[in-house]
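So you know, we letter chains A, B, ... as the sequences are listed, proteins then strands, and number each from 1. Excluded from the calculations below are hydrogen atoms, water molecules and symmetry mates; all remaining heavy atoms, backbone and side chain alike, are included.
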There are 2 protein chains.
Amino acid sequence: MAQKKNRAAGAAKAKNGIRNKLFDFKREQILEVAERFFYHRGYQATTVDAIAEELGVTKPFIYYHFENKRDILLHLLERTMSRSLSVFDGVDVEKGPPVEILKELVQRFVLAVIETRVSTAMFWRDEKDLPINDKENIRKMKRDIDGGLARIIERGIESGCFKVNDPKMVSICIAGMISWIYTWYQSDGRCTPDEIAARMSEYILNMVGAH
Amino acid sequence: MAQKKNRAAGAAKAKNGIRNKLFDFKREQILEVAERFFYHRGYQATTVDAIAEELGVTKPFIYYHFENKRDILLHLLERTMSRSLSVFDGVDVEKGPPVEILKELVQRFVLAVIETRVSTAMFWRDEKDLPINDKENIRKMKRDIDGGLARIIERGIESGCFKVNDPKMVSICIAGMISWIYTWYQSDGRCTPDEIAARMSEYILNMVGAH
DNA sequence: ATTTAATTATACTATATAGTATATTTTTCT
DNA sequence: AGAAAAATATACTATATAGTATAATTAAAT
């Protein structure tokens, strides 16, 4: 009959706006540190104590703000997912010139991966540490992204501006090539994010035989 | 002054061929189970006890054949690396028609990734669990692969049969797109490995503007 | 100001697990 | 067969770490 002691478990009350903002702020701080640590050391190898120490607090502070360790990972991954899906914001894959739309999507996608590369790495590495239904949730979002790319490629093929077969495989290839950035991008590297985006969109338009 | 008790530490003697083969065979059995477990559960989450139990032996059996847990991971990754590098066997990137060579390399690379997808996943996930100099070793091999691809693309550009800029970035894109296969390939999927290899090589030749 | 509720810390539990000292069994050699 | 060496198991240690019961502190409410 142990009742929950932390706030993380229950929904935040509508009133007390200031307090809730403070609560959210602290959660953000925890997430920021956790992200860094999970990225460099991995989820399993990161201890809750280490996160607490980095923040200058103690473990119960963390458990007051999150239900458990997995809960922290889940929040990080959900944030990354929604950022990735936002690539489609304001873009209607069913209308407009496929070449332009694909180019735009690729560029946005590249920038999103670079921006979220730390959590994207966890995405592909630590997903297995989630409970099954959260895992399924994430898989679905991945499918949505591949599906969006596949649809624009299909339209491009139908309208004759792309010359390529198997839109599904092409879209997986595109998604892979872009996602892969997280394994090699370095902020002090040779190219800026915009340059990378520009080149990759060029390569990808070549790939689908755009003209 | 505790002297090593396991054979894993010392070099195998040249004589006693049968015994060494048996020793190697047992090591292979351990590696096979470890690979499966590391893949599904991750390195950290896999216990040595679990590996032993799956094999129907006990923990000291493992430690007699390997120095420690990391040693097992290291052997798995080294095996994968050398399989990946074998993609270049008998291929001279400095001679012959770039189109044909790139096509051949891509197809081989695809098949290698599919074949070693389990350990390739670990490659990108559990590398961080290795000691620094082993990590550096692995990085070097990755660079060798990207470098080989970049070289053939450079030659293709020089000889006018590829139309694309920035060979280095192109080669990273190619390597990424192919490596990515490990995240989605399923043996009961829609395409056979050969079909995937054929399509990808086509896409990639498109990408570099081959004609 | 005092009471109550929310927040954070101290100090602990329970458990998991890498690695090992030592005993036992099996194999090899003469 | 019997001695020596190799291979494997039993039973243990040491340690790390997720999570918690409870106490102390701080903020809010009356």
Figure out the [atom1]/[atom2] separation between [X] and [N], and round it to whole Å.
| X | N | atom1 | atom2 | answer |
| --- | --- | --- | --- | --- |
| Asn20(A) | dA28(D) | CG | P | 12 Å |
| Phe23(B) | dA5(D) | CZ | P | 19 Å |
| Asn68(A) | dT17(D) | CG | C1' | 14 Å |
| Leu22(B) | dT27(C) | CG | C1' | 11 Å |
| Phe66(A) | dT8(C) | CZ | P | 13 Å |
| Phe37(B) | dT17(C) | CZ | C1' | 16 Å |
| Ile30(A) | dA18(D) | CD1 | P | 14 Å |
| Lys69(A) | dT20(D) | NZ | P | 14 Å |

Taking only N and O in the side chain of [X], is any of them less than 4.0 Å away from OP1 or OP2 of [N]?
| X | N | result |
| --- | --- | --- |
| His65(B) | dA7(D) | no |
| Arg7(A) | dA6(C) | no |
| Tyr63(B) | dG19(C) | yes |

Can you confirm whether [X] sits close enough to [Y] that some side-chain heavy atom of one is under 4.5 Å from a side-chain heavy atom of the other?
| X | Y | answer |
| --- | --- | --- |
| Ile178(A) | Ile204(A) | yes |
| Met207(A) | Ile174(A) | yes |
| Arg7(A) | Asn20(A) | yes |
| Cys191(A) | Met169(B) | yes |

Just the dot-bracket of DNA chain D, please: which string comes out with Watson-Crick or G-U pairs under 3.5 Å, [ ] for crossing, | for another strand?
||||||||||||||||||||||||||||||
Which pair of non-hydrogen atoms, one from Ile51(B) and one from Ala34(B), has the smallest distance, and what is that distance?
CD1-CB, 4.0 Å
Report the relative orientation of the aromatic rings in His65(A) and Phe23(A); use parallel for angles under 30°, tilted for 30 to 60°, perpendicular for over 60°.
parallel
Is it the case that the side chains of Thr80(A) and Arg83(A) hold a donor-acceptor pair, with the cut-off being a distance below 3.5 Å and no angle test?
no
Pull out every residue in residues 38-62 of chain B that has a heavy atom closer than 4.0 Å to any atom of DNA chain D, ordered by number, or say none.
Val57(B), Thr58(B), Pro60(B), Phe61(B)
Arg27(B): partners by salt bridge (Lys or Arg N to Asp or Glu O under 4.0 Å), with sequence neighbours left out
none
